[in-house]
Amino acid sequence: GENVEQHPSTLSVQEGDSAVIKCTYSDSASNYFPWYKQELGKRPQLIIDIRSNVGEKKDQRIAVTLNKTAKHFSLHITETQPEDSAVYFCAACPGGGYNKLIFGAGTRLAVHP
Amino acid sequence: GAVVSQHPSWVICKSGTSVKIECRSLDFQATTMFWYRQFPKQSLMLMATSNEGSKATYEQGVEKDKFLINHASLTLSTLTVTSAHPEDSSFYICSGRTSPQETQYFGPGTRLLVL
C-alpha cells in the first residue's frame, strides 16, 4: 500500500525566514496531495492541496510543488511568522476506491521571534 | 470550508465500559466519513472508512468488533469503542467528504481516557 515519508521531523526557523518540508510517496497512482496544519490539541486544518495534473500551486505565503516522476512533493512557507508554529502533515491519496488519505509522520515547525 | 463536529470532546471512563463518539457534518452531506486515531506527538492513523449505508472498511490491524462504526445517514457517523482498556486512550478524530474529488474536513477530535 501507499507509504508517505516526511522530513524533517522538527524544523526551527527565525521569523521572516522560509521553511521547507518535504514528503515522498510510494504509490505512483496517488493523485491528490493535501497539507494540513495542526495546532496542539486541535483538529488538522487544510492549508493547501495539489492534484497530480499540476506541478505547483501557491496561496499567498504558502506554496506546494509536486514532482510526479520522483514521487515527492514539498511545502514552502515564506516570511514565516510565530503563528505559523504548529505541526504540519502531508498526505497522499492513493488510487483505487474510497480515496483514503495516508499521512506522513508530521513536522513540528517552530518560528522564533 | 465545511464544518464537522464531534461529541463528546473528551471522555473519561472505566476499563471495560463502552464509549460512543458521534461525528456530524453540519453543512454538507458526507457520503464518506473516516475515523482516525492519534497518539501524542504522532501522526494520524486511519482506522476505518465508512460509506453511508454500507459496512465500514477497516484498516489492517484494527479490530472491527472492538471499534464499531455506524454511518446511518449522510450527516452522522458513530464510533463505539467496546470494552475499552487503558491502551485505547487516545485522540480520536473523524473527517467527512462529499465525494472522492473533494478534500476531507476534520472534526475537532475526542480525547478518550480509559482508567
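In what follows, every chain begins at residue 1, and chains take the letters A, B, ... in the order their sequences are listed.
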**Student:** For the NZ atom on Lys66(B), are there more than 12 heavy atoms of other groups (residues, nucleotides or ligands in this structure) within a distance under 6.0 Å?
**Tutor:** yes

**Student:** Under 4.5 Å between side-chain heavy atoms, hopping through other hydrophobics if needed: is there a path connecting Ile21(A) to Ile48(A)?
**Tutor:** yes

**Student:** Report the distance from atom CG of Leu46(A) to atom OG1 of Thr103(B), rounding to the nearest 0.5 Å.
**Tutor:** 4.5 Å

**Student:** Would you call Tyr36(A) and Gln104(B) a side-chain contact if the rule is heavy atoms closer than 4.5 Å?
**Tutor:**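 In short, these two side chains touch, coming nearer than 4.5 Å.
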
**Student:** Please check if atom CD in Gln81(A) has more than 12 non-hydrogen atoms from other residues, nucleotides or ligands closer than 6.0 Å.
**Tutor:**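 Correct, the count exceeds 12.
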
**Student:** Distance check, rounded to the nearest 0.5 Å: Leu101(A) atom CG versus Phe106(B) atom CZ?
**Tutor:** 6.5 Å

**Student:** Please determine whether residues Val19(B) and Trp35(B) belong to a single hydrophobic cluster, defined as Ile, Leu, Val, Met, Phe, Trp and Tyr linked transitively by side-chain heavy-atom distances below 4.5 Å.
**Tutor:** yes

**Student:** Taking all non-hydrogen atoms of both residues into account, name the closest pair between Phe103(A) and Leu44(B) and its distance.
**Tutor:** CB-O, 3.9 Å

**Student:** Tell me whether His7(B) at atom NE2 has more than 12 heavy atoms from other residues, nucleotides or ligands lying less than 6.0 Å away.
**Tutor:** no

**Student:** Counting only heavy atoms not in Leu115(B), do more than 12 fall under 6.0 Å of its CG?
**Tutor:** yes

**Student:** Under a 4.5 Å heavy-atom cutoff, which of Gln38(B), Gln60(B), Gln6(B), Lys41(B) has the most pairs with chain A?
**Tutor:**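 Top count of heavy-atom pairs under 4.5 Å with chain A: Gln38(B).
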
**Student:** Among residues 81-88 of chain B, which residues come closer than 4.5 Å to chain A, judged by heavy atom distances?
**Tutor:** none

**Student:** Same hydrophobic cluster for Phe91(B) and Phe67(B), using side-chain heavy-atom links shorter than 4.5 Å among ILVMFWY?
**Tutor:** no

**Student:** Can you get from Phe89(A) to Tyr25(A) by hopping between Ile, Leu, Val, Met, Phe, Trp and Tyr side chains that sit under 4.5 Å apart?
**Tutor:**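 No, no single cluster joins them.
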
**Student:** Looking at chain B, which one of Gln38(A), Arg108(A), Gln45(A) has the largest number of heavy-atom pairs inside 4.5 Å, strictly under?
**Tutor:** Gln38(A)

**Student:** Examine Val20(A) and Phe73(A) and state if one hydrophobic cluster contains both, with Ile, Leu, Val, Met, Phe, Trp and Tyr joined whenever side-chain heavy atoms are less than 4.5 Å apart.
**Tutor:** no

**Student:** Within a strict 4.5 Å, meaning less than it, do heavy atoms of the Met45(B) and Ile102(A) side chains meet?
**Tutor:**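 No, side chains not in contact.
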
**Student:** Where is the tightest heavy-atom contact between Ser43(B) and Gly104(A), given as atom of each residue plus distance?
**Tutor:** OG-O, 2.5 Å

**Student:** So which heavy atom on Arg43(A) is nearest to which on Pro108(B), and how close?
**Tutor:** NH2-CB, 3.6 Å

**Student:** Side chain, backbone, both or neither: which part of Gln42(B) has an atom under 4.5 Å from a heavy atom of chain A?
**Tutor:**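 Just its backbone gets close to chain A.
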
